[in-house]
Amino acid sequence: MHRLEVKRQMGKGDIAAVAELLEVATAADHHRPLGEHQWLDLVQGGRKGFAGLVAWEPGHDHPVGYAQVTRGSGSWALEFVVDPHHRGDSTVALDLVREALQVVGRQGGGHVHLWVPKPGPEHDRIAAELGLVRGRELYQMRRPLPIEGDLLADAGLDTRPFVPGQDERRWLDVNNRAFSWHPEQGGWDLDTIVQREAEAWFDPEGFLLHERDGRLAGFCWTKVHSDEDPPVGEIYVIAVDPDFKGLGLGRALVLAGLNWLGARGLRIGMLYVDATNEPAVGLYKAIGFEVDHSDRAYVADVAPVE
Ligand SMILES: CC(C)(COP(=O)(O)OP(=O)(O)OC[C@H]1O[C@@H](n2cnc3c(N)ncnc32)[C@H](O)[C@@H]1OP(=O)(O)O)[C@@H](O)C(=O)NCCC(=O)NCCS
C-alpha cells in the first residue's frame with residue numbers, strides 16, 4: 001500500500017530524493033522521465049500552479065513514484081514516473097495521475113497534457129482508465145554530424161551570437177510571434193529566457209541570430225547534451241520571424257546550427273518537433289533527419305473542483 005504526498009513546494013530533501021528516482025528511471029528507460037521545463041520547475045522551485053506528488057511505499061526509504069503538475073500558457077502539463085522495480089503494481093501510476101488531475105481540478109481545472117516519452121500499451125491503459133485520450137505527438141529526430149557536401153555549402157548564413165542582457169526583448173518578440181500557436185514555446189516572458197541563461201548548458205556562442213534590414217529575422221538556438229554518451233547536439237529552438245518566412249532562412253538557420261555543433265566535435269544532431277508541424281518536419285527530413293522515437297501527450301479537460 002503506497003501513500004501520496006502532494007507538495008506545492010519541494011524542499012531540498014524532496015528534490016534530492018526525486019532526482020535519485022529520476023536517475024534510476026533514466027538509466028532503465030534510456031530517456032528522462034521529466035521534460036526540460038518540468039525539470040527546471042522542480043529544481044528552481046516551481047511556477048504558479050506547481051505541485052509535486054511523491055509516492056512512498058512502506059519498507060522503502062526512497063520514493064516509488066513521482067508526478068508533477070505545472071501550469072503552462074493555456075494548459076496544464078503533467079508528467080509521472082514510477083521506480084522500475086515497482087512497475088508491476090500499476091496502482092502507483094494510476095493513483096499519481098488521478099491525484100494530479102484532482103490538483104488541477106482544485107486549481108480551477110482546464111486542459112491537461114500528460115506527456116509520456118516512448119509510450120507503450122500500459123500508458124494507453126492508464127490514460128483510458130482516467131478518461132484521457134491521445135493528443136499531441138512529438139517526434140525526436142536525429143541525423144549524423146557533421147554535415148557535408150551540398151548541405152555544408154548552404155550552411156554559411158551570416159549569424160552572430162546572442163548577447164545576454166541585450167537581445168532578450170527582440171528575441172522574445174520573434175519567438176512569441178513565430179510560436180504563437182505553441183503550448184510550451186509560445187508566450188515566453190523575460191523570466192523564462194533569463195532562467196534558461198542561468199542553466200549550465202547555456203552557451204550564447206551556440207545561440208545564432210540572423211539579422212536582416214536591421215531586424216532579427218530568425219534564430220537557431222543550439223544546446224549541447226554533454227552528459228549523454230555519446231554527447232548529443234540539439235537544435236533547441238529554431239524559428240523565422242513570420243515576416244521573413246518562405247525565403248529559405250529556416251533551412252539555412254538549421255544548417256548553420258548543425259554546422260556549429262559539428263565543428264564542436266558532436267557526431268549526433270537531434271531535435272524535437274510536433275508531428276503535425278508539416279513545414280518543419282518536411283524541412284528536417286529534407287536535410288537528412290529521421291524520426292528516432294516519439295513522445296505522446298494524453299489529454300483531458302478537467303472540470304473545476306470545489
Ligand atoms: C519551420 C520554419 C523555421 C521554416 O522556416 P522558413 O524560413 O519559412 O522555411 P524555408 O523558406 O527555409 O523553407 C524550408 C523548406 O520548408 C518548406 N516549407 C516552408 N514552409 C512550408 C509550409 N508552410 N508548408 C510546407 N512546406 C513548407 C519549403 O518549401 C522549403 O522546402 P524546399 O527547401 O524543398 O524548398 C518557420 O516556418 C518557422 O519559424 N515556424 C514557426 C516555428 C517552428 O515551427 N519552428 C520549428 C519547431 S521544431
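Start at 1 and go down the list; that is how both ligands and their atoms are numbered. In what follows, residues are counted from 1 in the order of the sequence shown.
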Can you tell me if [X] contacts ligand 1 (heavy atom of the residue under 4.0 Å from the ligand)?
X: Y236; answer: no
X: G248; answer: yes
X: G282; answer: no

Which of the atoms in ligand 1, numbered in the order shown and given with their element, are less than 4.0 Å from a heavy-atom of R251?
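With R251 as reference, the close atoms of ligand 1 come out as 12 (O), 33 (O).
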In ligand 1, which numbered atoms sit nearer than 4.0 Å to a non-hydrogen atom of L247?
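Per the distance check, 11 (O).
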Test of understanding: given a 4.0 Å heavy-atom threshold, classify the contact between Y272 and ligand 1 as side chain, backbone, both, or neither.
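Within the 4.0 Å criterion, Y272 contacts ligand 1 through backbone atoms alone.
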At under 4.0 Å between heavy atoms, which part of Y284 makes contact with ligand 1: side chain, backbone, both or neither?
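Just the side chain.
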Heavy atom of protein inside 4.0 Å of [atom], strictly below:
atom: atom 21 (C) of ligand 1; value: yes
atom: atom 46 (C) of ligand 1; value: yes
atom: atom 35 (O) of ligand 1; value: no
atom: atom 32 (P) of ligand 1; value: no
atom: atom 8 (O) of ligand 1; value: yes

Whether R169 engages the ring of W171 as a cation-pi pair (distance to the six-membered ring centre under 6.0 angstrom, angle to the ring normal within 45°) should be assessed.
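So R169 doesn't make the cation-pi contact.
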Please list the nearest protein heavy atom to atom 25 (C) of ligand 1 with its residue and the distance rounded to 0.1 Å.
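In this structure, atom 25 (C) of ligand 1 has P279 CA, 4.1 Å as its nearest protein heavy atom.
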Where do Q140 and M270 land on the side-chain contact (heavy atoms from CB on, under 4.5 Å) test, with the steps shown first?
CA-CA 7 Å; Q140 192 200 91; M270 181 272 276; 3.6 Å; yes
Rounded distance (nearest 0.5 Å) linking atom CD of E122 with atom CG of D124:
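Output value for this atom pair is 8.5 Å.
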Check whether more than 12 heavy atoms from other residues, nucleotides or ligands sit under 6.0 Å from atom CD of E278, and answer yes or no.
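12 or below, so no.
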